[in-house]
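We number each residue from 1, following the sequence as shown.
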Amino acid sequence: MVCGIQEAAENYRKLFQEILNTSREKLEAAKSVLTDEQERMAMIQEEEQNFKKMIESEYRMRLRLLNEECEQNLQRQQECISDLNLGETLLNQVIKLATELEEMFQEMLQRLGRVGRENMEKLKESEARASEQVHSLRKLIVELEKKCGEGALALLKCLDLEIRPPELREMNFCCAEATQLSFLFRSKSLLLEHLEPARITDLSLCHIRGLSSMFRVLQRHLTLDPETAHPCLALSEDLRTMRLRHGQQDGAGNPERLDFSAMVLAAESFTSGRHYWEVDVGKATRWQVGVYHGSADAKGSTARASGEKVLLTGSVMGTEWTLWVFPPLKRLFLEKKLDTVGVFLDCEHGQISFYNVTETSLIYNFSHCAFQGALRPVFSLCIPNGDTSPDSLTILQHGPSCDATVSP
């Protein structure tokens with residue numbers, strides 16, 4: 001009987017040790033989730049403030065463009081028609097449109113705040129679940145460690161009657177001790193619980209809709225500068241399209257690293273004023289567009305220092321499209337493939353904005369940028385590893401807008 005007791009105790013000790021090991025792994029996972037949710041809570045508050053500043057910056061820019069558009073329309077109308085009531089009519093129109101613009105942006109701020117509060121509530125609930133599981137697992141681990149260190153008889157006498165070895169079923173053990181081990185076995189269900197991070201709404205879904213009609217007036221007819229083109233790039237005759245040359249790809253690099261060194265600058269540069277241009281990115285799977293400030297010394301040697309560029313990057317991984325902005329590097333939510341990107345540059349106010357032209361919505365903007373020297377549009381394709389790529393980017397051109405209507 002002694003041998004049977006020792007053997008049964010050893011079997012149950014191994015069982016408890018397995019549960020203990022699993023509990024420790026589960027505890028580390030729960031602690032990781034808890035830390036992640038706490039970090040996300042801090043991060044989402046900062047992100048909400050950044051999006052709020054972005055919305056406010058976009059509103060001020062739109063209002064400036066609206067006022068300028070109205071002034072231009074008033075001047076054109078006064079040159080054609082001598083009407084004393086015209087000025088008052090256009091002024092009322094400006095007031096109406098400015099009010100609509102403010103209401104639209106106030107609604108965006110309210111939506112942002114509502115989504116932010118919902119996200120915070122979800123994260124707090126997730127944090128509470130993770131914290132509770134951490135507490136329960138720590139308690140379970142203490143009990144298991146205690147049981148694993150007990151002697152054979154002490155270990156077995158706490159087992160419930162139904163699971164005791166046959167030779168121990170008639171023994172009258174303490175009911176309180178049996179209750180202790182019963183708790184441990186019931187706690188095994190804790191190990192089956194699976195913590196999932198809170199699913200929150202990406203704040204970039206709070207799209208700022210609409211494009212200023214002044215963008216057509218400010219649109220620049222850009223061309224690519226062959227003197228700054230990377231050797232693996234082929235430029236079209238009209239210098240508006242760039243693509244990768246066949247047979248120029250180097251497959252020796254890390255296949256998981258995206259090499260966007262296939263870069264070219266626009267021939268045009270800006271030191272003042274406001275400017276807008278559009279790029280067809282629909283034929284590229286990995287691309288970058290943005291603004292470069294600095295100097296390009298020799299052909300193919302456009303500066304690669306990350307601090308010298310403000311970029312929007314698009315890439316596809318399998319069936320998933322992603323967008324990134326830089327600096328700092330930040331991932332944005334993308335509902336579907338992006339076809340046309342609009343870029344707005346305001347040198348005086350230090351603002352760069354990227355737009356989804358197809359959906360007529362803001363992607364992201366940078367405000368209060370400290371520019372030094374001439375600013376040049378920059379375009380880049382990712383050099384593939386081994387395989388050739390049909391990717392291409394094209395600068396779009398539209399005629400200047402002659403429409404005198406006023407719009408927010």
Colleague: Taking 4.0 angstrom as the limit, do Glu278 and Arg216 come out as a salt bridge?
Modeller: yes
Colleague: Can you see whether Glu69 engages Ser213 through a side-chain donor-acceptor pair at a distance of less than 3.5 angstrom?
Modeller: yes
Colleague: Would one find more than 12 heavy atoms of other residues, nucleotides or ligands at under 6.0 Å from atom NZ of Lys337?
Modeller: yes
Colleague: What class does the angle between the rings of His293 and Phe371 fall in, given that below 30° is parallel, 30 to 60° is tilted and above 60° is perpendicular?
Modeller: perpendicular
Colleague: Say whether Ser367 and Gln351, considering side chains only, have a donor N or O and an acceptor N or O under 3.5 Å apart.
Modeller: no
Colleague: Can you tell whether the side chains of Glu18 and Lys14 come within less than 4.0 Å, N to carboxylate O?
Modeller: no
Colleague: With a cut-off of 6.0 Å (strictly less than), are more than 12 heavy atoms of other residues, nucleotides or ligands near CZ of Arg40?
Modeller: yes
Colleague: Taking it one step at a time, do Asp238 and Thr223 satisfy side chain to side chain contact (heavy atoms under 4.5 Å, CB included)?
Modeller: CA-CA 8 Å; Asp238 62 4; Thr223 54; over 6 Å; no
Colleague: Indicate the ring-plane relationship of Trp277 and Phe270, choosing parallel, tilted or perpendicular according to the 30° and 60° boundaries.
Modeller: parallel
Colleague: Assess whether side chain to side chain donor-acceptor pair (under 3.5 Å) is satisfied between Thr285 and Asp391, documenting all intermediate values.
Modeller: CA-CA 7 Å; Thr285 56; Asp391 284 9; 3.0 Å; yes
Colleague: Glu25 and Asn21: side-chain donor and acceptor closer than 3.5 Å?
Modeller: no
Colleague: Atom NZ of residue position Lys96 - does it have more than 12 heavy atoms of other residues, nucleotides or ligands inside 6.0 Å?
Modeller: no
Colleague: Indicate yes or no: does Lys146 engage Glu143 in a salt bridge with an N to O separation below 4.0 Å.
Modeller: no
Colleague: Against Glu28, only a single residue in Lys31, Lys26, Arg24 fulfils salt bridge (Lys or Arg N to Asp or Glu O under 4.0 Å); can you say which?
Modeller: Lys31
